[in-house]
Amino acid sequence: MAATLPMIAGALALGIPAAHAADSPGRDTLAGTKPAWATAKADKGATSDSSKVSARVYLAGRNASGLAAYAKSVSDPSSALYGKYLSAAQVQQRFGATTAQVTAVKSWLKSAGLKVTGTTQHYVTVSGDVAAVEKAFSTSLHNYSKGSKTYRAPSKTASAPDSLNGAVLTVTGLDNAPHKANHDDTLPGPTAVFKNSGPFSSYYGSNTATTLPSAYGKKIPYAVEGYTGKQLRAAYGAGKYTGKGVRVAITDAYASPTIAFDAATYAKAHGDKKYSTSQLKQVLPSEYTQTEACDASGWYGEETLDVEAVHAVAPDANITYVGAASCFDDDLLDSLSKVVDNHLADIVSNSWGDIEANQTPDLAAAYDQVFQLGAVEGIGFYFSSGDNGDEVANTKVKQVDTPANSAWVTAVGGTSLAVGKGDKYLWETGWGTEKASLSADGKSWTSFPGAFTSGAGGGTSKTVAEPFYQKGVVPKALATANSATGNRVVPDISAIADPNTGFKVGQTQTQSDGSESYSEYRIGGTSLASPVIAAVQALAQEARGGKAIGFANPSIYAKYGTKVYHDVTDNPTGSGLAVARVDFANGYDATEGLLTSVRSLGKDSSLSAVKGYDDVTGVGTPADGYVASYVPKQSHHKH
């Protein structure tokens, strides 16, 4: 089962420049630079002056509020500026930092005693000791206990001189707590092989588990072996479209050394179109870092899933994989910036994230700036909504995931998908799994339906305000769950995610005898839903005559309530749904026995897929008319 993947915590805000600090005249505060965990109670005293700090000072550019406004207008079908995208060069010219701003920021940092170690069009990197950092940012650094560990953080919000006129967006790195999520350890890496045991169904319901106990009053089918592109294309109304002429980017950390071979082998085995020369490209950093902290090889399966899913649904789309140097935010931000600065693609799929509680406003501002710059160029970002439902079982706190919570990305939720005989779409439920094991005597399911194991991430953000496109669609009870004024609700749209109705992938893995070879397994997670939706968007862009859809949420919500979506509910057939699943106890063969379980569908922690918009599936999943709804309407000229 795929996972939400590592990264370091993000941030929020609409990229509005810093506010004036009442308590420090002549300074602009950099909101969110003091983390919530840096409390007086956790304070362990001042950090030693000689400790070394490396930080990134993000540049706000020449018109941060203008950037947000243009990003909104260019993405909104009801705006006169809709679709009037700018080139990467025009974006930099109109919204990027000026040479004078960069020079001023650098001289301020140097005058405080910091060393400027690098400059990009988005940030200046500096290093120096604590004393210099405290001088530059007008704060003091203390050590704070966080859980069982101690980390450094500013004791008050950092600020910049107001003589810089808001040239600084934010600074990251003043606190040194790791902000990375981990992908679920059930995501198989090439470190060790993973295989599913049969019996299987070839399509939903094709093989009934007659010898196993009933569930919800009837005999249940075995889980599918893994859907393929043909079944997914049929379910989501691909029609004749193939994504020709459209480029999709995928960001993850690291890079699978066998991706080209695995993708080609998989396509051939499942009747997907053969890759043409240079259809699959990789853009990789010069070196990788943090490979142990991030479990680098665990990311290979993620890249493999993303690439194979995009190609299966949009076989003619070009794919550019952009690998980050590590699973930490700064490196993932660099990958996203590469896509924007070089306009590497119009559609970007991102199957990674972290919990909102780990998100800090400084990083959110940096992420949102990249997403807004992308929107202005006609680039749309798609993020997995998470694999832990409401996150309570995982973190004890009800919360959403990030960067899916950003108002400037399309958050992709997840479903359990039933495709029947002849590739016919039967139904979907929200993805939410409760698991019960077969009793020792084989006559019942132990404490049926069992405990929640995983499900589509969703819910209401605590930090991001309600975006304009959700107003009037998202039910008030959801929007106002955390504040009377209304907040962002996740997800926006959804697709197949349940690993028990999952997708088949093929990957070179280390087999049980230590040799490396290609093998296949079924996988799921919103890590699957995101590339599937990205691929459907590639089909829609082709239907649109190749014109970029850009940031898609305003268009997605404008089509709400029409027949272009399957309105997904948890109870499409009127009675409880479940599949039987058999697994190898050791994960690859029967030598240590088999484990038989029942997996209920549509049981996503406290979240429910209901009629209309909901916080499991958003507006629903693409139906037959979705892709075609992007075909331009004939315009009539009046003489």
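Predicted model, so just to flag it, every value in this text is computed and none were measured.
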What side-chain donor-acceptor pairs closer than 3.5 Å can you find for residues 308-320, not counting sequence neighbours?
from	atom 1	to	atom 2	distance (Å)
Glu308	OE1	Gly506	N	2.9
His311	ND1	Pro315	O	3.4
His311	NE2	Lys273	O	2.5
Asp316	OD1	Lys273	NZ	2.8
Asp316	OD2	Thr242	OG1	2.7
Asp316	OD2	Lys273	NZ	3.3
Thr320	OG1	Arg247	NH1	2.7

>> With a 6.0 Å cut-off (strictly less than), is the heavy-atom count around NZ of Lys268, excluding the residue itself, greater than 12?
In response: no

> Which class fits the ring pair Tyr557 and Tyr469: parallel under 30°, tilted 30 to 60°, perpendicular over 60°?
Replying inline: tilted

>> Looking only at side-chain N and O atoms, does Ser555 offer a donor or acceptor that is under 3.5 Å from a partner on Tyr82?
In response: yes

>> Checking Asp354 against Thr402: is there a side-chain donor and acceptor pair closer than 3.5 Å?
In response: no

>> Side chains of Thr508 and Glu516 only: does a donor on one sit below 3.5 Å from an acceptor on the other?
In response: no

Run the side-chain donor-acceptor check on residues 618-626: report pairs under 3.5 Å with partners two or more places apart or on a different chain.
from	atom 1	to	atom 2	distance (Å)
Thr621	OG1	Glu428	OE1	2.7
Tyr626	OH	Gln537	OE1	2.6
Tyr626	OH	Tyr630	OH	2.9

> If we ignore angles and hydrogens, is there a donor and acceptor under 3.5 Å between the side chains of Asp492 and Thr410?
Replying inline: no

> Would you say the side chains of Tyr123 and Asp334 form a donor-acceptor pair under 3.5 Å?
Replying inline: yes

> Got a sec, which residues hit side chain to side chain contact (heavy atoms under 4.5 Å, CB included) with Thr119, two or more places apart in sequence or on another chain?
Replying inline: Val102, Lys106, Val116, Val124

> Does a donor on one side chain sit under 3.5 Å from an acceptor on the other, for Asp341 and Ser337?
Replying inline: no

> Any idea how Trp352 and Phe383 line up, ring-wise: parallel (<30°), tilted (30 to 60°), or perpendicular (>60°)?
Replying inline: perpendicular

